[in-house]
Structures are given as C-alpha cells and as structure tokens.
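Everything below concerns the one structure shown next.
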Amino acid sequence: MSVEIELQESMNYTPIQRMRHSAAHVMAEAIQEIFPDARFAIGPAIEDGFYYDFDLPRPLTPDDLPEIEQRMRCIIAARHPFQHDRWPREQALEYFHTKGQDYKVEIIENLSDAEVGIYQQGNFLDLCRGPHVGNTDEIGPIKLMRVAGAYWRGDEHRPMLQRIYGTAWFTQEEMDQYLWRLEEAQKRDHRKLGRELKLFTFSDDVCAGVPQFYPRGETLRHLMESYVRETQERYGYQHVWTSNIGKVRLYKTSKHWYTYRENMFPVMKGDQEASDDDAYVLKPMNCPHHILLFKSQMHSYRELPIRYAESDTLYRYEKTGTLTGLARVRSLTQDDAHVFMRPDQIQEEFNRSVNLTLEVFETYGLQDYWIRLSLRDPQKKAEYVGSDEVWEIAEATLREAVESKGIQYEEGIGEAAFYGPKLDFMVRDALGREWQCSTIQLDFVQPMNFELEYIGEDGQPHRPVMLHRAVTGATERFMAMLIEHFAGAFPVWLAPVQAMIIPIADRHQDYAYKVLEQLKTAGIRAEVDIRGERMNAKIRDAQMQKIPYMLVVGDKEATAEAVSVRLRTNVDLKSLPLTQFIERVSGIASSKSLEL
RNA sequence: GCCGAAGUAGCUCAGUGGUAGAGCAACGGUUUUGUAAACCGUCGGUCGUCAGUUCAAUCCUGACCUUCGGCUCCA
C-alpha cells in the first residue's frame, strides 16, 4: 500500500482507528526521547492496533519495548493536546529537511497539495493528515507487541526500517479480550497441532519447508485429495500424470524461467555436451506439461473443452524467510487443472470452476474467506507477458464472468499472474494471516507461447483459451487452514482415527479386537488402546487427540455385542449395539456431515 | 533474501566459564480398573553444526543450518 493511500485512508478513520493512530504518534514521541537522531517514516492505525516505522542508530530488541511503553504511558498521562496546523508545502519541506527527516521530505515531495497537515503533541511534531484525538489522555490501554523489520515503502531495494507493532483499545476489558483471543488462536496454530496430533514434522536433515507426514497426516492428505478428485471427475475433469522433472527449455517456452528461475530446484545437467537449456529442474508447475499433452495430439472444436487435472507435488525454492509451517512450503501438492477451450466456452467453464470450488468450501463448512479479482498493475507492464490488447480482453472477460455470476469481490491491482488475471479465494488462518487457496486464472498468453491450435468448424486452425485453476490450492496450505478451522477436531469423514476402542481391563482385549475387525470391515478407521493404563487415562488421551468417538468396552458390552460411546464433545451416548454404531458412523462419514 | 529473536532429553521448559536438571512421554514392575492423568522405579542429552578465544566453552566470538515475529516475494 502506498503512503499516499494510507494518508488518504486516514481521513476515514473510525474513532478507534483515530485513537490508535494517535497512539502511534505517542510512540514516535517516546522514540524521539530515547533516540534524538531517530528518523520517522509512517505510523498508521491497522487492524487491532498500530505501528510506526523508524530509522534508528541501533537495532531494537524486545527488551526495548518496556521502556518505550513506559514513556508512552507518561506522555499519555501528561495530557498533551494534539494541535493541528496547516503549513505551506515549501515551509514543511524546509522544516523537515533541516531536521534531517528524509522520509518526511520524500512524502511531501510526492504530495501535490499546496498545504500539508501538521500535528503536534508535546515535543513531537509530525507530518500527518490526521485526524487525531483531542488529547493524549483520550488514548486507552496500550501494549507494544513486537519489533520487526520493514522496507521503506515496502520496497526491498530501499532501506530496512524498524517497525514497532502495538495494540490499543478503549477499555482494559477490550484489551484483555484481545489478548485472550490471541492466546486461543495460538492454541489452534497448525504447527502446534500438527505435532500434537501426530500429523507431520519437519527435519533439519531434509530441507526447510518440506514437511514429512506421519500416518495420521498422510491419511488426512489422502482423504482431502480423494475428495477433490472425486468431485472433479463429477465436474468433467480427466486426471493425467506428468513427470516430476522437466528441462529448462520447457519453462523457457512458457516464460516461467525468466520470472522464476531463482525459485526452481536444479537437478542436474545430463550430458556434459548438452546445452544449458537441456538441464533438468524439479517441476515447479504443471501448466507446461499439460500443454504438452494437449499439443501432442490434434484436437477438433468438438472435443473442447478438454480438462486435464493432476494432483502432484511441485517443488519451489521459496526464500527461507517466507516459510511458515504447512502454509508456505517448498514442496506443495496442487490440485491443479488446465482447461483448453474455445473462446465461446469461457463463461461456462468459469462458472463450472466457481461452482466446484464453492461446493468444496461448503463441504468443509468454510465461511471465513473472501474473493479477490487479481488484475495487472498497469504501472508495471514489463512484469507481465502478453500484449495490452490480450490483457484488456482477459481482464474484461473475467470481470464480466464474476459479475454475471453475482459474486462479491475486491479488486487486487498487481496481484495477477504474469500471464493473466485471476480470481483468488483468500482464507484467514488462526492468527489472522491471509492465505491464497483456490484460484481461477484466465490465460490467453500460454496458448500463444506454445502455439496451441484446434481445428474449428471451418476446417481452419484456431487458438484455444486456457483456464488454470486449483480447487483447494495446495493440499499442504489447505490442510493448515483446516487444522486451524476445526482446531484439530476434524469432521468424521476426515478424522485420521475415527474411533478409539478402550478396553476397561485386559480381559476385554479380545472383544476390543473383535470390535476393531468389524469396524474395519465397515470401512471405519479405528484403533484399540491396549496400553496398561487405566480407562480414564485412555479417555483423556483420545480426547486430547480429538478422536470423534471413544468406544469403552467392558463386561457389559462384551456380552451385549455393544459399545459404550463417548463423543469428543463430552456427550455420553451410553451403550449402543455395535451394528447401530457402525450404521451411524458410516452414514455420517459418507455424507461428510459435520455432526458426530 | 532483509531486520530482530531463538535453538538444552521425544514434548514443554529451568540452569551455569569448571562437561547439566524438572514435569510429561518412553521403558520395567505393581494395579485389572466404568467415562479427562493410578503408584513405584529405570532409561534418556558430545546443550543445533563447525571453527575461534580460554588452562577449561553448553555458556564468550564468528560462520553456517533450522525455527519464530515481521518485511519483500508467492507461477
């Protein structure tokens, strides 16, 4: 987000945002007291709080926060009024230049107004459009959360500034509630649950960002992927399999090489005499491979659309600093598909993709997502391939398709893929970070790169249009989201272990295994807990593993061919005939119900 | 990749310039249990890796690996 936009948006601050923005200024004053040579960048209100970016003579550490916070409290208690003024542009430039405030000077230079806003509280004077609260004592409880690095203007080629994030609320109750919410969110963190529920792990001896899945995690992956596969087939997709490696020249043809070569895992250069173009890399994306499948045969207009789907693992060398549990990995399994179609089929194929995605979201009970229409940044045309004309057609077509479908969306300028605009489904994780999952991309460019053709009704070759789409995106990232969405308590159809059989005493083990056999025969994933623990301990452990059903078996159950059913919701269903339990679970699992 | 923090037993963590501890887990024994942790005992760590400083390094310094919080990026 540009500084200009932030400053403009600040005009529309809500009361709490205004207070948070004022808190940022107070923090800046505290910093000025500690570091008289500090240079100030920007300090807006954000969701739940505020931040301010500083250029300081030394790095901040978390140990600095208490002192800054203490000084802020003093400033707040000193009841300084926020004084607003408007200075002529030249005066402001002169002032900030004299003060060595280069960042402020740069901001003013980018403003076209004749006058600029100035706010002062206590000894701190800042360039700012405001608005602010009237007096520092109107600022509620504050807490500084963390220090972080941030590039000036978000540009990695510009200086790295130090950012302090803080939170501010009108009342202590709201603050406490917010901190409690953060704690609760941390309990859902998929990295923590992934270890506790024995789903996956990472090893320093493999590769950063490459998860290793335990049996329970693999079961979960497999169920997720099977579900998408079945659904896709119902929607008319055909599955293909392409390799895990490809030659550099393939990705040069698709132009991916020129944008992403730094992110491709090199494998080897085969023959010493071979050219660089013949070197191998691990497959970073499927599109060129699917395109080869299409291109290697003649196609009639009657065959279209052709929908090739593939769910396999791609490798991308993501920068180390970007890796985050399963949410950002270097080995990602995309439920990818490429549709080759006639131009007149775009609308229908788009609808088909959207419907497929929404159906899957519905099954998972996902509601906390939003949709972004990702467009090209017209200021940075060089970063995209394809002519203006093609882009205009693609963007207009996609926008028209979204609107005719009646979908609510927000536009994301500069969020397009390098070959075309897309529709992205954005989901939030437990800690409020947003991740792109599903995506639908319209592409007129790759068919040109590969000179794709089909034979039309007129007997002449025509160029097809492509649709790239992923339903859940990457299995890994979607799993991260599901773990957090369900807090590890997966619906029955997804639970790696659906039932834990708990024999009360050793003499009940035979019956427990008999129950296990019958459950397995019925396709229910179950285990017997034969450890020498007491029943209470076994129940506790199954509960902590979020296993949907705990089946306690003792003398009564053995004689009655029954199981005593306890749900992970603490509900006790008492003794049920085994056949009745099997019927119940089978029904819930096959309907993918979220009930127990 | 950049800024900052961190890495001690399988997990959660304590600790010190003189080669380390707790709880849980695991294992062994006792107990044979009716809906969220029985009791006793045992094992377990070249303190992330490699160099350097030092009589002596888990502790200090450097590089690297990995993780965490952000920034940038995400076909």
Using only modelled atom types and a 3.5 angstrom limit, is any donor from either the side chain of A/R328 or the base of B/rC73 paired with an acceptor on the other?
yes

Ring center gap for A/F54 and A/F40 short of 6.0 angstrom
yes

Less than 6.0 angstrom separating the ring centers of A/F294 and A/F340, yes or no?
yes

Just compare [options] and give me whichever is closest to any side-chain atom of [X].
| X | options | answer |
| --- | --- | --- |
| A/E156 | B/rU72, B/rG70, B/rA5 | B/rU72 |
| A/T320 | B/rG70, B/rG1, B/rA75 | B/rG1 |
| A/P62 | B/rU72, B/rA75, B/rA5 | B/rA5 |
| A/Y151 | B/rA75, B/rC2, B/rC11 | B/rC2 |

Ring geometry between A/F200 and A/H190 (parallel below 30°, tilted from 30 to 60°, perpendicular above 60°)
tilted

Check whether the side chains of A/W435 and A/D429 place a donor and an acceptor atom closer than 3.5 Å, and report yes or no.
yes

First of A/K319 and A/P284 reached from the 5' end of RNA chain B, by closest nucleotide:
A/K319

Flag as yes if A/F418 stacks onto the base of B/rA75 (centroids under 5.5 Å, planes under 30°), otherwise no.
no

Counting primed atoms, P, OP1 and OP2 as sugar-phosphate and everything else as base, the B/S/- map of nucleotides 32-38 of chain B against protein heavy atoms under 4.0 Å is BBBBBBB

Below 4.0 angstrom from OP1 or OP2 of B/rG69, is there any side-chain N or O of A/R433?
yes

